[in-house]
Amino acid sequence: MAGAQPQSPAPKRNAFTRFLDGVEWLGNLLPHPVTLFALLAVGIVFLSGILGGIGLTVEDPRPVGTPGRADDGMIRAVSLLSGDGIRRIFTGLTTNFTNFAPLGVVLVAMLGVGVAERSGLLSAAVRSMVLGVPKHVVTVAIVFAGIISNTASEVGYVVLIPLAGAIFYALGRHPLAGMAAAFAGVSGGYSANLLIGTIDPLLAGITQEAAQLIDPDYIVVATANWYFMVASTFLITAVGSLVTIFIVEPKLGRFEVEKADPDILDDRMMEPLTKDENKGLRWAGIALIGVLALMALTLVPEWGILRNPETGDRINAPFFRGFVVWILIFFVVTGIAYGRAVGTMKNDRDVINAMAAALSSLGLYIVLVFFAAQFVAFFGWTNLGAITAVTGANFLQDTGLTGPVVFILFILMCCFVNLMLGSASAQWAVTAPIFVPMLMLIGYSPEVIQAAYRIGDSTTNIITPMMSYFGLILAWATRYKSDLGVGTLIAMMLPYTIFFILIWSGFFFLWTFGLDLPVGPGSPTYYPPN
């Protein structure tokens, strides 16, 4: 019987699945992810020595006076094999690690998550949510929650993705499929949302500066893409759910419990809640109301202390920039309330032990982050990402296309550049001064250009190691599959990337050029408006 088990999924392995198998096989030929990042970091050092030695340069498209722009207006490949480069490596190795943005976010958030987990709150909350719920409804809810979490993205990466794995495990489904669904929503659907997030004013500001190279009075507001992003939320939810149910989950097959970390598996996941657990959830709910009230008091009133102190803005404000603190407070307060009610958190020692246990589980992630941080830093120092972006933009400009079809190449180029420049703002800061004026001159508005850019920027987040949280997702996944490699993770997420690019781009063309709908309030499709 055991020998026949692997044959059961054979009928579902169609041509596309076999293609993904090939991607996974090739990817898993690579060494351990830690070794891979170490080799990539070393490789970048030697590549920069070659390209810097031959004097590779491109013209910087950013306006004169932009911070970081050279006096002669050129972007040069910087050699890390030079004396200055080697000194920079030695002096920056530690700070590359300690300043790597996701590291601090993860460590702080896990202090709170550890309390909620050790108290039993997470187990009880997951069981209360999934028991008796249709499995496909859970899939849709996870993808949708991932998209909405982009308003404060740390919640999605640090909390929702591992929680989705636990939910799928509780339902008897493959936990990696749950993580994939959440990852697709959080990162693949990064630019879709019902709400205006912190990224919206940031991108609008960059777009406005680029647009003013053509029209000095042009204004781009934070809500420039809101209509299109709201509609995209439901599109990405549907596509992400269908890909999870019909492609990713069947490909993963049976969950091999023997390859999982025993500490992450809760055998009580399908047991009904006890009387004490229900009592604990009620107290956690009361604590939750208190935390939400405190959050509202710091943001909603005019005197809210966590609003922007200069402008009074609620979006571009310390409240969201420091949202990881709210994650910590949320889980500590609700975890203690639950633990006190059920008897798992009796004193401060129990809370401290829970925090210590949570951080001790991050050993692999911390090692991986050290080498990933070096690779990302080295790549940024060499200017190779910016040179690639500008070269691709110049190629697109040289095609001479003027019709809507130019947006196909534009979106694909943004997808490609995003593989190397993981930061949305950094990528757009370099490419917007080329694309926005170029596409404005052939008749398209900055708002529409920005909307198209956001599709390309989002859809390849989930398959590039350059994305800041890629290492974290890899570390979470290995807890369910100890031998999981980079190839498995990329092959698992590649179907989302493919279908997001195809369907989201098609939706963009239908929305803007087929139905002639505005991408946001007061956002024209054409420049000047037709």
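Annotation for W381: atom CH2 counts as buried by contact number, over 12 foreign heavy atoms lying within 6.0 Å. R340 CZ: 12 or fewer foreign heavy atoms inside a 6.0 Å radius.
At a threshold of 4.5 Å between non-hydrogen side-chain atoms, the residues Y227 and W511 count as touching.
There is no side-chain donor-acceptor pair under 3.5 Å between Y469 and N461.
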Test log, rule side-chain hydrogen bond (donor to acceptor under 3.5 Å, both in side chains), inputs N225 and Q450: CA-CA 8 Å; N225 300 145; Q450 179 181 280; 2.6 Å; yes
Chi angles and distances behind the ring pair (Phe, Tyr, Trp, His ring centres under 6.0 Å) call for F228, F507: CA-CA 9 Å; F228 181 68; F507 183 64; 5.7 Å; yes
Result block: side-chain N/O donor-acceptor pairs under 3.5 angstrom for residues 290-305, not counting sequence neighbours:
{"from": "T298", "atom 1": "OG1", "to": "M295", "atom 2": "O", "distance (Å)": "2.7"}

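The aromatic rings of Y444 and F513 stand perpendicular to each other, their planes meeting at an angle above 60°, with 30° marking the opposite boundary. The aromatic rings of F500 and Y496 are tilted relative to each other, their planes meeting at an angle between 30° and 60°. A perpendicular orientation is assigned to the rings of F407 and F410, their planes being inclined by more than 60° (bins at 30° and 60°).
Salt bridge R76/D60: absent, no basic N to carboxylate O contact under 4.0 Å. D84 and R87 are joined by a salt bridge, as a carboxylate oxygen and a charged side-chain nitrogen come within less than 4.0 angstrom of each other.
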